[in-house]
Participant: 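Dropping a structure here in structure tokens format, bear with me for questions.
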Amino acid sequence: MDPSRLPGFLAGRLVKAFLIIIAIVICNFLLIHAAPGDPASVIAGQSGAADERFLAQLREQFGLDQPLHVQLWLYLKGVLMLDLGFSHRQQQPVWTLIAERLPATLLLTGAAFAFAVSGGVALGALAAQRVGTWWDSIITVLALTFYATPLFWVGLMLVLVFSVWLEWLPSFGMSSVGVEMHGLEVYWDVARHLLLPALTLGLFYLAVYARLTRATMLEVADQDFVKTARAKGVPEGRVTRSHILRNALLPVITFAGIQAGQLIGGSILVETVFAWPGIGRLAFEALLARDYPVLMGVFFCTSVIVVLFNLATDLLYAVIDPRVEVG
């Protein structure tokens with residue numbers, strides 16, 4: 001990777017990322033406003049008053065009486081100024097709500113992603129090294145099982161086993177309620193609450209990475225440069241690490257970059273099952289309450305995260321494979 005080409009590459013990708021995010025914001029706005037339901041009616045119902053005069057006041061207060069293109073323009077201006085609007089249900093700015101919930105989601109998805117990639121690559125490499133053995137069969141069966149099992153069912157079974165039967169781990173929330181803790185006790189408590197949601201979210205992707213790593217390593221192992229290294233007497237462990245696994249990681253990195261957005265999307269279901277206080281659960285609550293600004297704010301933040309993750313994936317490509325150049 002030529003360092004002198006890196007600034008130009010980053011500048012070009014950031015411009016493209018900006019245009020992509022603006023396009024996503026417009027699409028999300030139009031799709032959400034095309035959905036059936038009137039936010040003003042929901043607010044009025046929560047307030048206990050639903051007469052036409054009160055509904056008209058609510059529509060005027062939140063700009064719902066404006067034409068759709070005017071609402072879109074006002075929202076785009078707000079996004080460009082980093083103003084995502086105001087939540088009529090929570091009575092707080094959207095940025096405040098997201099800032100409170102985003103760290104929990106990043107912690108959950110980061111832990112699930114690290115577990116899925118590291119565990120999947122390790123299991124896939126083990127299966128590829130022992131192809132045709134019992135190890136290979138067991139890993140393949142487990143990967144197919146985790147891949148075919150719905151996330152909510154895995155979560156419920158983990159809660160049933162580890163929370164209800166064994167009583168080892170808490171079943172919901174991010175921390176214990178009504179318990180005063182200090183220092184390392186706080187981190188240990190969060191880690192115990194994190195374990196089951198992270199396992200639930202990560203097992204599906206672990207299965208994908210294990211299967212992909214196994215298939216790619218078997219394909220790379222038959223290539224000429226690997227046979228040449230073995231013919232030169234290079235130790236088998238070094239051949240596996242430096243030649244086979246390093247080249248086999250490129251498709252895994254590509255797939256991981258694509259699935260970053262799916263991790264955020266999958267966290268909505270997992271956060272709902274485990275009552276995890278993240279933006280996925282916030283989006284679910286906003287959808288039920290027709291809280292459009294919160295819903296669009298969550299979509300905006302997740303879009304930015306996915307685009308930045310894909311940019312980091314491109315840079316990581318050049319680090320792992322010197323043949324790949326940025327620019």
Participant: Short question: side chain of S171, backbone of V159 - any donor-acceptor pair under 3.5 Å?
Facilitator: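 Looks like no, no N/O pair under 3.5 Å.
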
Participant: So which atom in F146 and which in A207 form the shortest heavy-atom distance, rounded to 0.1 Å?
Facilitator: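 For F146 versus A207, the nearest heavy atoms are CB-CB, 3.9 Å.
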
Participant: Rounded to the nearest 0.5 Å, what's the gap from CG on L80 to OH on Y75? Could you check?
Facilitator: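 One finds 10.5 Å between CG of L80 and OH of Y75.
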
Participant: So, does T96 use its side chain to make a donor-acceptor pair with the main chain of Q92 at under 3.5 Å?
Facilitator: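 No; judged by distance alone, with no hydrogens or angles, the pair does not exist.
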
Participant: Between V94, L282, I32, which is the residue that forms a side chain to side chain contact (heavy atoms under 4.5 Å, CB included) with L295?
Facilitator: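 So, applying the side chain to side chain contact (heavy atoms under 4.5 Å, CB included) to L295 and each of V94, L282, I32, only I32 qualifies.
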
Participant: Is E271 salt-bridged to R101, cutoff N-O under 4.0 Å?
Facilitator: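 No, E271 and R101 are not salt-bridged.
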
Participant: Determine yes or no for a side-chain-to-main-chain donor-acceptor pair under 3.5 angstrom, with S163 supplying the side chain and L169 the backbone.
Facilitator: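 Yes; judged by distance alone, with no hydrogens or angles, the pair exists.
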
Participant: For V294 and A286, work out which heavy atoms get closest and say how close.
Facilitator: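 What the structure gives for the nearest pair is CG1-CB, 3.7 Å.
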
Participant: Heavy atoms only: give me the nearest V252-V121 pair and the separation to one decimal.
Facilitator: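 Distance-wise, the nearest heavy atoms are CG1-CG2, 4.2 Å.
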
Participant: Rounded to the nearest 0.5 Å, what's the gap from CG on L97 to CZ on F86? Could you check?
Facilitator: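 Answer rounded to 0.5 Å: 9.0 Å.
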
Participant: Using 30° and 60° as the class boundaries, would you call the ring planes of F309 and F113 parallel, tilted or perpendicular?
Facilitator: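 Taking F113 first and then F309, their aromatic rings stand perpendicular (interplane angle over 60°).
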
Participant: Given 3.5 Å as the limit, does a donor-acceptor pair link the side chain of D83 with the main chain of V79, or not?
Facilitator: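 Answer holds: no.
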
Participant: Between R214 and Q129 (side chain of the first, backbone of the second, donor and acceptor by atom type, cut-off under 3.5 Å), is there such a pair?
Facilitator: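 Side chain of R214 to backbone of Q129, a donor-acceptor pair under 3.5 Å: no, none is there.
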
Participant: Return yes when atom CZ of F115 has more than 12 non-hydrogen atoms of other residues, nucleotides or ligands closer than 6.0 Å, and no otherwise.
Facilitator: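 Enclosed.
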
Participant: Work out which heavy atom in D291 is nearest to a heavy atom in S87; give both atom names and the distance.
Facilitator: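 In this case the closest contact between D291 and S87 is OD2-OG, 2.5 Å.
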
Participant: Just by distance, no angles: are the side chains of S175 and D189 close enough, under 3.5 Å, to form a donor-acceptor pair?
Facilitator: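 Side chains of S175 and D189: no pair found under 3.5 Å.
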
